[in-house]
Number of protein chains: 2
Amino acid sequence: MTTELSERNRTILEAIIEEHIATAEPVGSRTVARRHPMGLSPATIRNVMADLEDLGYLRSPHTSAGRVPTEKGYRFYVDTLLQVRQLTQKEQKQLSSSYQLRGHKVEEVLRDVSRSLSSISRYTGLVMAPRMETTVFRHIEFLPLSQGRILVILVTRSGLVQNKIIETGEPLTPRELEQISNYLNRTLTGLPIHEVKEKIFAEMQREKARYDQLLAKTLTLSRQALQGNLDGEVFIEGTSNILDQPEFANVETMRELFRAFEQKGRLIDLLTRSQQAEGVQIFIGSETGLEGIDGCSLITSHYSNRRGTIGALGVIGPSRMNYSAVIPIVDYTARLLSQMLEGDIE
Amino acid sequence: MTTELSERNRTILEAIIEEHIATAEPVGSRTVARRHPMGLSPATIRNVMADLEDLGYLRSPHTSAGRVPTEKGYRFYVDTLLQVRQLTQKEQKQLSSSYQLRGHKVEEVLRDVSRSLSSISRYTGLVMAPRMETTVFRHIEFLPLSQGRILVILVTRSGLVQNKIIETGEPLTPRELEQISNYLNRTLTGLPIHEVKEKIFAEMQREKARYDQLLAKTLTLSRQALQGNLDGEVFIEGTSNILDQPEFANVETMRELFRAFEQKGRLIDLLTRSQQAEGVQIFIGSETGLEGIDGCSLITSHYSNRRGTIGALGVIGPSRMNYSAVIPIVDYTARLLSQMLEGDIE
DNA sequence: CGCTAGCACTCTGGGGCAAAGAGTGCTAAA
DNA sequence: TTTAGCACTCTTTGCCCCAGAGTGCTAGCG
């Protein structure tokens, strides 16, 4: 792979990509020769550019328009050419001072993080809330409403509070509800939610449940409380930032993009996938697997508490984004959020 | 006011506005004469149009481009010309079947309502969650986290669950926390939140609080739990719908609009204001008081529970929107939501 | 006296066209 | 192997012109 491109060709490719990142315009041989003087004439650079185009790193929008990086070009740039800049102390401070857990709910903090990712990167910020499945049972509470409806409140160790309204066939007395929640809080606290689910399911199979009225009620109730969509939520902030990018100057592209943002499900999938891997991940163009966001890239990282990865965050921008600036921002923000959730909530 | 326009002139104004609503184009005298035959020649209609322009109901984008309604024009149309269509049984059914309280949390329902407002109207849906201040205390719960931090969960009668993380100077034992929440639940249940606040404040002034250690702790804790932003939240859905409207074909307008959507605070103000009045309200163009959404109108209504108004919802679209279709949608949706919250949760 | 037909006038939008600019690929020479 | 030169291509821009749409005004009609 490294043999595919000579040292010189790599330098030129890098120059072209960086020039394009800076200007958003197709870059021509003359410009490269002038801005990145390496003792080569435009003609030589043209030859190299032709080679790079044949190899699939560049393409020309039309005959006389200079070259633009392809996805493969960006991928190569990111993998082997890019030098990630470190954040200065000052920038770190600026980032860390934006967030505060105290006096807020976790969702608000996550939204703030997303907002700050967007405003610092000048692209669009993305934060996926911890998925219930991955966190640990902390507390459950049942509040009776009218007409046999019950409000369930489920709290996880990461400080997330979920609630939903469920319906029981037969009305339960406040006293029963209290007994039930006491029982559940006693036996379930500290278990990961997925184990909680298993446990309840297993319990329902056991013979005892058939004869113990209250136990039976408890189990149906908690099953209802846990089933269904306790999914992660995505906080997308700063969507309008991305509209300043020249590639979204035409209305059609813009519309596509916003439609894509409205389908949060796909984003959740992607972010969940990105959680698997360590550290910062970069998805370029079609690698995101998202429709309608051609020409966009996504930089993600995951955040975690003591027990492991619980969520993911990132920045979405044009493929022509300033990777070397955004990568450390995403990286540092993820660490910061991990730290905050780890120290304070568990 | 009614004397300002003759019967005929009103008919013509109505024709022009309806034509413009349908086509999004400036409308000329010939078109009016053809599409709304009333035995008048284009020339006559031209005279009338010139009058209407002088009076400020119409304006021409340029000399040879037909007329377009002004804000005053729309206002007059909405106030005196508009015939609001009733929803058919079928449409009502379609609307009411979209929502379901069971198995969801209130926030999700509100988001669904917003989404459905947008998808049925084909504009953008807006729902403001009940403001804490306006609802009634139902339950409070304190869960200790590490390092003297406490997660407070506050439930209101309307089924809203709020939570935040607060910090106590001195650590409190779980036992104390339990006592505290028991006390609060006993004494506060059924009081409107604003009365709760007053009550706590009054209590703090009383002499007793100085000597009763636990009471003092209780009061500081609950004050912290209640203070600050328990504001309404706005759910904006279907923003991309509005992009299909031809008036947003140029990128600059679009960008403005999205920036406006991101400043939810202004929208909250407006929706809160609209809560004061009865029934459906219409804000045309600058009447919204929002910047950056020139050429947009807002149709709102409020929803309530047994005790009174608790929130507002609406649709935002171009001033050229189909008022007669959207008004009943907003109206019916508000009733529906009121009904849902009233019957089921209180 | 109100309505209308006719007409001159105005403004926009689109098509066509040419020139300018940018950039390429190729060839031949250093 | 590099480079200078050159012919070629394609887009962009400006310009002009014309068609189309619509207006305002005037004069005549019922």
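Scope of the values below: all heavy atoms of this structure, side chains included, with no hydrogens, waters or symmetry mates. Chain letters run A, B, ... following the sequence lines, proteins first, then strands; residues in each count from 1.
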*Would you call A:Arg259 and B:Asp244 a salt bridge, taking side-chain N to carboxylate O under 4.0 Å as the test?*
yes
How long is the line joining [atom1] of [X] and [atom2] of [N], in whole Å?
X	N	atom1	atom2	answer
A:Met49	C:dC26	CE	P	15 Å
B:Asn47	C:dG2	CG	C1'	10 Å
B:Arg8	C:dC1	CZ	C1'	12 Å
A:Glu53	C:dG23	CD	C1'	12 Å
A:Asp51	C:dT24	CG	C1'	14 Å
A:Arg67	D:dT9	CZ	C1'	13 Å
B:Leu58	D:dG24	CG	P	11 Å
B:Ile45	D:dG24	CD1	C1'	15 Å

Shorter than 3.5 Å, N or O on both sides, protein versus nucleotides 7-15 of chain C: list them out with atom names.
from: C:dC11; atom 1: O2; to: B:Ser64; atom 2: OG; distance (Å): 2.8

Only counting residues at least two apart or in another chain, list the ones meeting side-chain contact (heavy atoms from CB on, under 4.5 Å) with [X].
X	result
B:Glu291	B:Arg266
A:Glu237	A:Arg111, A:Ser114, A:Arg115
B:Thr253	B:Phe248, B:Asn250

Taking side-chain hydrogen bond (donor to acceptor under 3.5 Å, both in side chains) as the test, write out the residues that go with [X], two or more places apart.
X	value
A:Asn47	none
A:Glu252	A:Arg255
A:Glu14	none
B:Ser29	B:Arg46

*Nearest of D:dT3, D:dG24, C:dT4 to any side-chain atom of B:Ala50?*
D:dG24
*With a 3.5 Å cut-off and no angle check, do the side chains of A:Glu53 and A:Ser60 form a donor-acceptor pair?*
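Per modelled atom types, A:Glu53 and A:Ser60 side chains form a pair under 3.5 Å.
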*Using a heavy-atom distance cut-off of less than 4.0 Å, which residues of residues 25-43 of chain B contact DNA chain C?*
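Those residues whose heavy atoms fall under 4.0 Å from DNA chain C, taken from residues 25-43 of chain B in numerical order, are B:Gly39, B:Leu40, B:Ser41, B:Ala43.
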